[in-house]
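Take a look at the structure set out below.
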2 protein chains.
Amino acid sequence: MTEPKYQRIAATLKAAIAEGEYGPGDRLPGENDLMAAHGVARMTARQALGVLQSEGIAEARKGAGVFVRTFHPLRRRGIQRLTREAWGSGRSVWSVDATDRDVVVDQIRVGEEPAAEHIARVLGLVADEPVCVRDRRFVLDGKPVLLSTSSLPAGLVAGSPITRPDTGPGGIYARLAELGHEPVHFREEVRSRMPTSDETARLALPGGTPVLLVCRTAFTQDGSAVEVNEMVLDANSYILEYDFDA
Amino acid sequence: MTEPKYQRIAATLKAAIAEGEYGPGDRLPGENDLMAAHGVARMTARQALGVLQSEGIAEARKGAGVFVRTFHPLRRRGIQRLTREAWGSGRSVWSVDATDRDVVVDQIRVGEEPAAEHIARVLGLVADEPVCVRDRRFVLDGKPVLLSTSSLPAGLVAGSPITRPDTGPGGIYARLAELGHEPVHFREEVRSRMPTSDETARLALPGGTPVLLVCRTAFTQDGSAVEVNEMVLDANSYILEYDFDA
DNA sequence: GGACGGAACATCTCTAGACATCTCCAGCGA
DNA sequence: TCGCTGGAGATGTCTAGAGATGTTCCGTCC
């Protein structure tokens with residue numbers, strides 16, 4: 001019935017943060033402070049701090065202390081980036097940094113692979129048929145924020161710049177159009193979950209940070225899919241925006 | 001340099017799950033099993049199991065054991081639900097249950113409150129000006145999956161069915177249209193983070209489950225916002241889908 | 001056949017201490 | 001002034017045990 005000690009301690013810390021006693025980036029009371037203040041064992045104090053870390057409220061830096069996390073999201077416009085319309089005004093609920101900071105490609109790997117089962121199904125291929133895979137990592141101010149894996153039917157893009165790291169002006173969609181497979185319709189599917197250990201490493205994620213999964217499928221006029229792009233986003237770095245008319 | 005024991009143990013468990021040795025819903029080796037198998041202390045075995053839980057791979061049921069989690073997402077179409085267009089075909093990347101199971105309202109609270117600062121800014125109100133708030137919880141098969149908090153300028157909707165629990169056919173958008181404030185444009189902003197303890201309680205979330213935050217703003221023809229709907233979704237229960245043309 | 005009780009077993013909470021490893025900063029030396 | 005080196009202090013990992021609490025299941029009793 002009674003609340004465990006570690007939850008009570010965690011609650012007091014959360015309350016103090018909510019009160020503004022500790023702001024973003026500030027150092028929280030550490031294990032030793034909590035042991036003294038609440039008269040508990042080290043493991044109990046650790047458990048309390050662990051609650052805040054697993055909720056993404058705080059972040060421990062080994063040897064330094066436990067600090068309140070910050071939230072500086074990027075805004076990613078899912079639709080305007082692929083059309084050129086502009087609805088323009090209308091304030092946003094979340095405050096945005098005025099400057100659209102620039103995200104740049106950090107790592108890139110282009111190659112040909114047998115298609116995974118779920119990719120082959122969408123692209124209308126038989127399993128293990130080759131696909132052109134473009135695997136990229138994007139960084140913002142040195143911090144990786146996005147992993148993107150794009151798959152296209154290998155037979156469709158063979159010999160085109162799509163199979164090379166630099167696809168030229170307009171990117172792969174412009175090249176697809178030149179090949180007679182212009183994408184005219186897109187579908188984005190969005191999920192969220194905790195990262196795998198591989199994603200944690202590649203995105204340098206602190207504990208308690210989920211990832212957003214965005215899977216975009218590009219369709220041509222005849223309704224066939226020509227590209228599947230699976231993206232993994234640091235949830236702490238992104239707001240996805242979708243604007244559309246009724 | 002050497003990997004901690006608890007991570008090694010966690011890795012073996014993950015590998016066993018990936019190998020199919022343990023399927024969704026199966027019981028994993030418990031604390032006592034891991035202590036005996038790897039010759040470690042109880043807290044170390046707990047730490048290993050904690051890794052899988054915080055990654056959302058496993059779920060502990062007190063007194064029963066630790067079990068592999070399942071993933072049965074609902075598909076929420078962000079655009080088609082608000083328009084009537086249908087692109088129709090085109091396979092999805094994630095397998096979907098054929099039946100569109102039905103989500104029903106479980107709790108509802110309608111009232112008038114002073115507007116929060118970020119709501120007032122979007123709706124073009126001064127701070128603390130009253131807004132009509134519709135707070136709802138949706139359940140699927142008895143499990144809560146979605147919290148929705150809709151805010152509208154109180155002056156705009158006073159006396160209309162919007163201020164009552166049952167808004168009638170077509171919902172609040174049909175009522176807004178009748179009042180001369182038909183929404184013609186929508187914006188959805190999507191984020192993800194770990195849940196607050198309040199959200200954990202209201203959605204009955206197991207550990208290691210993030211939430212998706214969807215904030216929808218409805219605009220009328222003249223570009224003014226008439227509704228802000230802040231939704232909290234169990235990330236383990238939802239796939240958000242956005243379909244649009246280039 | 002059904003209800004109840006209890007034992008076995010599971011996770012959860014917490015203690016007290018040990019050693020490892022990393023960070024930060026002050027002080028020293030070139 | 002610059003750079004290196006300690007050392008203090010912080011978190012990370014791990015042990016060995018104890019009691020609390022919830023679940024499961026089987027045998028007994030009605």
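Small disclaimer: the values here were computed from a predicted structure and weren't measured. Convention: sequence-line order gives letters A, B, ...; per-chain numbering from 1.
Between the CG atom of B:Asn32 and the P atom of D:dT24 there is a distance of 17 Å, rounded to whole Å. The CD-P distance, from A:Glu31 to D:dC14, rounds to 15 Å in whole Å. Distance A:Lys62 NZ to C:dC24 P: 13 Å, rounded to the nearest Å. Residue B:Met35 contributes atom CE, which lies 15 Å from atom P of C:dC9 at whole-angstrom precision.
Defined by atom type and a distance below 3.5 Å, a donor-acceptor pair is present between the side-chain atoms of A:Glu188 and A:Tyr242.
Sorted by first then second residue, the side chain to side chain donor-acceptor pair (under 3.5 Å) pairs that include residues 5-22 of chain A, not counting sequence neighbours, are A:Lys14-A:Glu55.
OP1 and OP2 of D:dC14 both lie 4.0 Å or more from every side-chain N or O belonging to B:Tyr6.
For the pair A:Leu13/A:Ile57, no side-chain contact is recorded, criterion being any heavy-atom separation below 4.5 Å from C-beta on.
Only B:Arg42, B:Met43, B:Arg46, listed by number, bring a heavy atom of residues 36-49 of chain B to less than 4.0 angstrom from any atom of DNA chain C.
With respect to A:Ser150, the side chain to side chain donor-acceptor pair (under 3.5 Å) criterion is satisfied by exactly one of A:Glu230, A:Glu227, A:Arg136: A:Glu227.
When each of D:dC14, D:dT24, C:dC12 is scored by its nearest atom to the side-chain atoms of B:Lys5, the top-ranked nucleotide is D:dC14. Relative to the side chain of B:Gln7, the nucleotides D:dT13, D:dG12, C:dT11 differ in distance, and D:dT13 lies closest.
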